[in-house]
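Remarks on the structure that follows.
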Amino acid sequence: MTMYGIRAVKTALAALVAGASLALTAPTASAGQLASDCWNTGRWYCNNVYGAPVYQSKFGGEIVGYMYTTTSWFECKSDNGDYIGGPHPRRWVWTQADNGQWGYMRDIDIYSETNPLPNCPL
């Protein structure tokens, strides 16, 4: 293989590694991006991060699905889950992922203020 061929392979591998690391880092909502409060139209809707994971438990664990919309509906909030940081550091929100599986989304993946959501039953 020529020097140019080796250089091309190295460049392609570097691009692949960089792309893979970006794909593994899920974006989160930041305080600067907060939209208005979640709103109720018979169901509670909030603005959220595209592709946000939905977890089996409010203590993390297995990802059961994802949200491929940026406006999704939510049932209730729980403030006694694992620490995740953000303005509500232990808040997880119960919802149904786009694949139909039920689980919890981290509050840091929701742009809207989630305070208006009802509390989940214990």
Side-chain angles (χ1 to χ4, degrees):
M1 185 177 283
T2 68
M3 180 182 274
Y4 294 111
I6 293 171
R7 183 177 293 157
V9 169
K10 286 182 179 179
T11 302
L13 286 173
L16 182 63
V17 168
S21 67
L22 287 175
L24 294 174
T25 305
T28 59
S30 71
Q33 296 172 310
L34 286 178
S36 60
D37 289 353
C38 296
W39 61 98
N40 189 338
T41 62
R43 274 199 164 145
W44 284 97
Y45 284 89
C46 306
N47 296 310
N48 57 274
V49 171
Y50 175 85
V54 177
Y55 295 86
Q56 177 182 21
S57 165
K58 60 186 171 186
F59 300 103
E62 179 184 349
I63 294 174
V64 297
Y66 296 89
M67 289 295 197
Y68 294 112
T69 56
T70 56
T71 301
S72 305
W73 62 271
F74 299 89
E75 289 287 317
C76 57
K77 68 182 185 294
S78 176
D79 285 311
N80 62 350
D82 268 1
Y83 180 85
I84 52 173
H88 308 291
R90 296 191 179 278
R91 182 171 291 172
W92 293 69
V93 183
W94 181 250
T95 190
Q96 188 174 30
D98 286 346
N99 65 358
Q101 296 296 309
W102 285 91
Y104 288 90
M105 183 183 289
R106 303 175 307 173
D107 185 73
I108 59 172
D109 291 329
I110 300 173
Y111 296 123
S112 300
E113 174 53 65
T114 56
N115 276 339
L117 293 169
N119 293 323
C120 294
L122 296 177

Open item on the list: With heavy-atom distances below 4.5 Å as the criterion, would you say the side chains of Thr71 and Trp39 are in contact?
Closed with: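 Yes, at least one pair of side-chain atoms sits under 4.5 Å.
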Interatomic distance, [X] atom [atom1] to [Y] atom [atom2] [nearest 0.5 angstrom]:
{"X": "Ile110", "Y": "Ser72", "atom1": "CD1", "atom2": "OG", "answer": "8.5 Å"}
{"X": "Asp82", "Y": "Arg90", "atom1": "CG", "atom2": "CZ", "answer": "7.0 Å"}
{"X": "Tyr68", "Y": "Asn99", "atom1": "OH", "atom2": "CG", "answer": "8.5 Å"}
{"X": "Asn40", "Y": "Tyr45", "atom1": "CG", "atom2": "OH", "answer": "9.5 Å"}

TODO: Kindly say whether Cys76 contributes a backbone atom to a donor-acceptor pair with the side chain of Trp44 at under 3.5 angstrom?
DONE: no
Open item on the list: Using modelled atom types and a 3.5 Å cut-off, is there a donor and acceptor pairing between side-chain atoms of Ser112 and backbone atoms of Asn48?
Closed with: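 Checking the backbone N and O of Asn48 against the side chain of Ser112, no donor-acceptor pair under 3.5 Å is found.
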TODO: With sequence neighbours excluded, tell me which residues meet side chain to side chain contact (heavy atoms under 4.5 Å, CB included) with Thr70.
DONE: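 Partners of Thr70 by the side chain to side chain contact (heavy atoms under 4.5 Å, CB included) criterion, ordered by chain and then number, come out as Tyr50.
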Show me, pair by pair, the donor-acceptor contacts under 3.5 angstrom made by side chains of residues 52-67, not counting sequence neighbours?
residue: Ser57; atom: OG; partner: Phe59; partner atom: N; Å: 2.9
residue: Lys58; atom: NZ; partner: Ser78; partner atom: OG; Å: 3.1
residue: Lys58; atom: NZ; partner: Asn80; partner atom: OD1; Å: 2.9

Report all side-chain donor-acceptor pairs from residues 114-122 shorter than 3.5 Å, counting only partners two or more places apart or in another chain.
residue: Thr114; atom: OG1; partner: Arg91; partner atom: NH1; Å: 2.9
residue: Thr114; atom: OG1; partner: Asp107; partner atom: OD1; Å: 2.6
residue: Asn115; atom: OD1; partner: Arg91; partner atom: NH1; Å: 2.9
residue: Asn115; atom: OD1; partner: Arg91; partner atom: NH2; Å: 3.1
residue: Asn115; atom: ND2; partner: Glu113; partner atom: OE2; Å: 3.2
residue: Asn119; atom: OD1; partner: Lys77; partner atom: NZ; Å: 3.2

TODO: Indicate the ring-plane relationship of Trp102 and Trp73, choosing parallel, tilted or perpendicular according to the 30° and 60° boundaries.
DONE: perpendicular
